[in-house]
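Written out below as structure tokens is the structure these notes cover.
Below, chains carry the letters A, B, ... as their sequence lines are ordered, and counting in each starts from 1. Computed from heavy atoms alone, side chains included, the values below leave out hydrogens, waters and symmetry copies.
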Amino acid sequence: MSADATRKKIVALIAAETKLSPTEVVVMLEKPKQEAHGDLAFPCFRLAKTMRKAPPVIAAELKEKLFAPPLPEGLAKVEPVAGYLNFTLATDTVITDLLRQVLEQGGSYGSMTEGKGRKVVLEYSSVNIAKPFGIGHLRSTIIGAALNRVYRKLGYETISINHLGDWGTQFGKLIAAYRLWGSEYEFADNAIYDLYDLYVRFHEAAKSDPALEEKGREEFRKLESGDTENERLWRRFHDYSMRDFNRIYEQLGVRFDYLTGESFYQERMTPVIEKLDKQHLLTVSEGAAIVDLTEYDMPPCLLKKSDDATLYATRDLTALLYRKDTFNFDKILYVVGSAQKLHFRQFFKVAELMGNEWVAEQAVHVDFGWVKFSGQMMSSRAGTLIFFDDVFAKARETALEIVIQENPGMDNVDWTAEKVTIAALVFTQLKVRRNRDVNFVWEDAFSFRGATGPYLQYTHARLTSLASKYGKPLPDLSADLLLLGDEEKQVTKRLEAYPAKIKQVAESYETSFLAEYLLDLAAAINSYWQRIRIITDDEKATTARMQMAYAVRVVIADGLRLLGIEPLKRM
RNA sequence: GCCCCCGUAGCUCAGUAGGAUAGAGCAUCUGCCUUCUAAGCAGAGGGUCGCCUGUUCGAGUCAGGCCGGGGGUACCA
């Protein structure tokens, strides 16, 4: 009997006896937090009033009346404990069936077809041209890329967009700065740092020379009106920057289908503004064109400045409508920091008012908290930016030392150290709830123990080396799996939750659920590993254990890949 | 001022539709490598779950009010 059928039977029995409706019983049944309490629990507290008996008495009576031996099929134990009636399911066949399923499906275990024929657009990373990739950008990039993979696993077609910050007056300033001091720089390998330096230098100089600001604005106006020389420079800045970003994206294993940034929408905004005007949504206030949103308890959405220039709301609105036209998505996700919450609410509402009812349902701001450094905010303005390259280089040094120390004679130490470093950096971003600010602590970036990405990689490496020691091909689908003991069941049982976990991530845009799940699974197999020898002379027991270990490895590997972490074979 | 997020062990964080002694990791202390990777495992100490009131048989979880931190709040993104 399946676990589900057993559950239904319990519900039916209790409902009949207590005069509760079956749905009420279903809602009341819970999963005990502690494994010792079994698989299901029925709390009797609410019955105390109507039955006028103490909960423990009710629990004991229910057991006597409904679950006196012999127990119904599928149940191994029924026990009243402190006002609860606890059920332990007879899991023998359930667990072996589960294990067989994982072994058969391998890496596609947990894959689903629910997304088939459905399309999701994801906007993430969205870095700024001429600004080095900071630790702050990491969060959007990592979360977005992970969600992208999760949706693909569920069968969705995904379209990933890097909405580059590649337009605005800052480019005028940069051009001005370049004309002044550009000859002093080489723009070689890490040209983006030269650009950043130019930008910072311009700001410094502008403090004592206000004329520079005007110069910057003028250069931008020239750029906008199609000045070939300025366009050429803009293109160069763009290319320098992308060269660096692409290097980082490659390290992180992140790819984009489109690199359409703000400049891309430059030409496309006018029709949108015109349409808004035609629909009488636009009003002029203090010289600016706005959409009034007081009815929705929001400040007005500003779409044109008093000097006629557009704003980011104008671009984002245009982009949203353009993407709907172009891709006809079922859902669009914006992985952007929570500081922009209001901005998204505003332009989503404006799009809706334009007659796009789908927005409320399909457009989602997947917001996330700040990355703080030692409790301090990081901002380019305050000059407290931490660059990804610096963190990566430093962490990699430590990783390399450890890799060499732990694996004397291994040949691909550099590659391994890099993958371990990425795992550490990526995992710290993904394991905490999105809405929380994450505190970036240097020591954590260099820690490869405990609840970290490398811990999961290590677990995977152990299981891989175990398999090669075993020697026989795995999985062995002809093998008898019935020899799983209680210890093996405790581990195997956890695999059941994997598919639901992936769905949960997709529904909540919350990667931490998967991260937590993998940690729990790894902890279970590591604890098992320490206590029980897997390969012994007992051939049958060994086969069963190896099958379990294999299944666990497959799930860990798959989960790690979804998160963007390389499951290492050796480390 | 108004709106949003956060406040759980020394630190970083879990805590699923309210339920059983509030859980991990780091750090500290104690054990465990002649056999499958010790980047591991087992154990100890460490908590008035920011404060108050309420709802409930039962509140870290729900409601209201405070306190503290952060963000946002029309021409930056």
(request) Determine whether Ile192(A) and Ser241(A) make a side-chain contact, defined as any pair of heavy atoms from C-beta on separated by less than 4.5 Å. (result) yes
(request) Assign the ring pair Tyr334(A) / Phe348(A) to parallel, tilted or perpendicular, where the plane angle (0 to 90°) is split at 30° and 60°. (result) tilted
(message) Quick one, Ile129(A) and Trp167(A) - any side-chain contact, counting heavy atoms below 4.5 Å?
(response) no
(request) Give Lys501(A) one of three labels, base, sugar-phosphate or nothing, depending on what nucleic acid heavy atoms sit under 4.0 Å from its own. (result) nothing
(request) Could you tell me whether Leu303(A) contacts a base, only the sugar-phosphate backbone, or nothing, with contacts defined as non-hydrogen atoms closer than 4.0 Å? (result) nothing
(request) Return the stems involving RNA chain B, sorted by first number, where pairs are Watson-Crick (N1-N3 with N6-O4 or O6-N4) or G-U wobble (N1-O2 and O6-N3), both under 3.5 Å, and runs are 3 or more long. (result) B:1-7 with B:67-73, B:10-13 with B:23-26, B:28-32 with B:40-44, B:50-54 with B:62-66
(message) For a quick check of understanding: with a heavy-atom distance under 4.0 Å over all strands, which category does Ala309(A) fall into, base, sugar-phosphate or nothing?
(response) nothing
(message) Rounding to an integer number of Å, can you tell me how far Phe45(A) CZ sits from A20(B) P?
(response) 9 Å
(message) For Ala146(A) versus Thr511(A), what's the shortest heavy-atom pair and its separation?
(response) CB-CG2, 3.9 Å
(request) Would you please confirm or rule out a distance under 4.0 Å between OP1 or OP2 of G25(B) and any side-chain N or O of Ser447(A)? (result) no
(request) Identify, between Pro299(A) and Gln34(A), the residue whose nearest nucleotide on RNA chain B lies closer to the 5' end. (result) Gln34(A)
(request) Assess whether atom CZ of Arg531(A) is packed by more than 12 heavy atoms of other residues, nucleotides or ligands within 6.0 Å. (result) yes
(message) Regarding Met298(A), tell me which of base, sugar-phosphate or nothing describes its non-hydrogen contacts under 4.0 Å with the strands shown.
(response) nothing
(message) Can you see if the side chain of Arg345(A) gets near the phosphate of C4(B) - specifically, an N or O under 4.0 Å from OP1 or OP2?
(response) no
(message) Can you confirm whether Leu47(A) sits close enough to Leu20(A) that some side-chain heavy atom of one is under 4.5 Å from a side-chain heavy atom of the other?
(response) yes
(request) Write down the distance between CD (Gln346(A)) and P (C4(B)), rounded to a whole number of angstrom. (result) 15 Å
(request) Answer yes or no: does a side-chain N or O of Trp529(A) lie under 4.0 Å from OP1 or OP2 of A38(B)? (result) yes
(request) Give the rounded distance in Å between these two atoms: CG of Asn526(A) and P of A42(B). (result) 9 Å
(message) For the C1' atoms, the ones on G18(B) and on A63(B), what distance do you get once it is rounded to whole angstrom?
(response) 13 Å
(message) Under 4.0 Å, heavy atoms only, any strand: does Lys31(A) hit a base, just the sugar-phosphate, or nothing?
(response) nothing
(request) Evaluate the ring planes of His163(A) and Tyr265(A), with Trp represented by its six-membered ring, and classify them as parallel (under 30°), tilted (30 to 60°) or perpendicular (over 60°). (result) tilted
(message) At less than 4.0 Å, is any side-chain N or O atom of Lys431(A) found next to OP1 or OP2 of A14(B)? Yes or no.
(response) no
(request) Measure from CZ on Arg434(A) to P on C4(B) and round the result to the nearest Å. (result) 18 Å
(request) Name the nucleic acid region contacted by Asn86(A), choosing base, sugar-phosphate or nothing; use a 4.0 angstrom heavy-atom cut-off, strictly under. (result) base
(message) For a quick test of reading the model: is some side-chain N or O of Arg315(A) closer than 4.0 Å to OP1 or OP2 of A77(B)?
(response) yes
(request) Look at all strands and tell whether Glu286(A) reaches a base, only sugar-phosphate, or nothing, counting heavy atoms closer than 4.0 Å. (result) base
(message) Can you measure Met548(A) atom CE to C36(B) atom C1' for me and round it to whole angstrom units?
(response) 12 Å
(message) With a 4.0 Å limit, can you tell me whether Asn435(A) has a side-chain N or O closer than that to the phosphate oxygens OP1/OP2 of C6(B)?
(response) yes
(message) Just confirming the chi classification of C29(B), syn or anti, using 90° around 0 as the syn window.
(response) anti
(message) From CG of Leu430(A) over to P of U12(B), roughly how many Å is that when rounded to an integer?
(response) 20 Å
(message) For the base of A77(B) and the side-chain ring of His343(A), does the geometry meet a stacking cutoff of under 5.5 Å between centres and under 30° between planes?
(response) no
(message) Is there a side-chain contact between Tyr312(A) and the phosphate of A77(B), meaning an N or O under 4.0 Å from OP1 or OP2?
(response) no
(message) Just to be sure I understand the rule, does Tyr455(A) reach a base, reach only the sugar-phosphate, or reach nothing, if contact means heavy atoms closer than 4.0 Å?
(response) sugar-phosphate
(message) Assess whether a salt bridge exists between Glu224(A) and Arg221(A), defined as any Lys/Arg side-chain N lying under 4.0 Å from an Asp/Glu carboxylate O.
(response) no
(request) Report which part of the nucleic acid Ala82(A) touches: base, sugar-phosphate, or nothing (heavy-atom distance under 4.0 Å, all strands). (result) nothing
(request) May I ask you to say what Ser285(A) touches in the nucleic acid, namely base, sugar-phosphate or nothing, with a heavy-atom cut-off under 4.0 Å? (result) base
(message) Judged by each residue's nearest nucleotide on RNA chain B, which is more toward the 5′ side, Lys341(A) or Val432(A)?
(response) Lys341(A)
(request) Starting from C1' on G15(B), measure out to CZ on Phe513(A) and report it in whole angstrom. (result) 11 Å
(request) Pick base, sugar-phosphate or nothing for Gln340(A), based on heavy-atom distances below 4.0 Å to the nucleic acid. (result) base
(message) Students often get this wrong, so: under 4.0 angstrom with heavy atoms, is Leu466(A) touching a base, only sugar-phosphate, or nothing?
(response) base
(request) Report yes if a side-chain nitrogen or oxygen of Arg545(A) is closer than 4.0 Å to either non-bridging phosphate oxygen (OP1 or OP2) of C36(B); otherwise report no. (result) no
(request) For G7(B), take OP1 and OP2 only and decide whether either is under 4.0 Å from a side-chain N or O of Arg436(A). (result) yes
(request) For Ile534(A), report the nucleic acid contact type (base, sugar-phosphate, nothing); a contact means any heavy atom under 4.0 Å. (result) base
(message) Strictly below 4.0 Å: does Ser465(A) bring a side-chain N or O up to OP1 or OP2 of U37(B)?
(response) yes
(message) Once you apply a heavy-atom cut-off of 4.0 Å, does Arg533(A) come out as touching a base, just sugar-phosphate, or nothing?
(response) base
(request) Would you check, one step at a time, whether the test side-chain hydrogen bond (donor to acceptor under 3.5 Å, both in side chains) holds for Tyr296(A) with Gln346(A)? (result) CA-CA 9 Å; Tyr296(A) 308 97; Gln346(A) 285 179 309; over 6 Å; no
(message) Between Phe237(A) and Tyr199(A), is the ring centroid distance below 6.0 Å?
(response) no
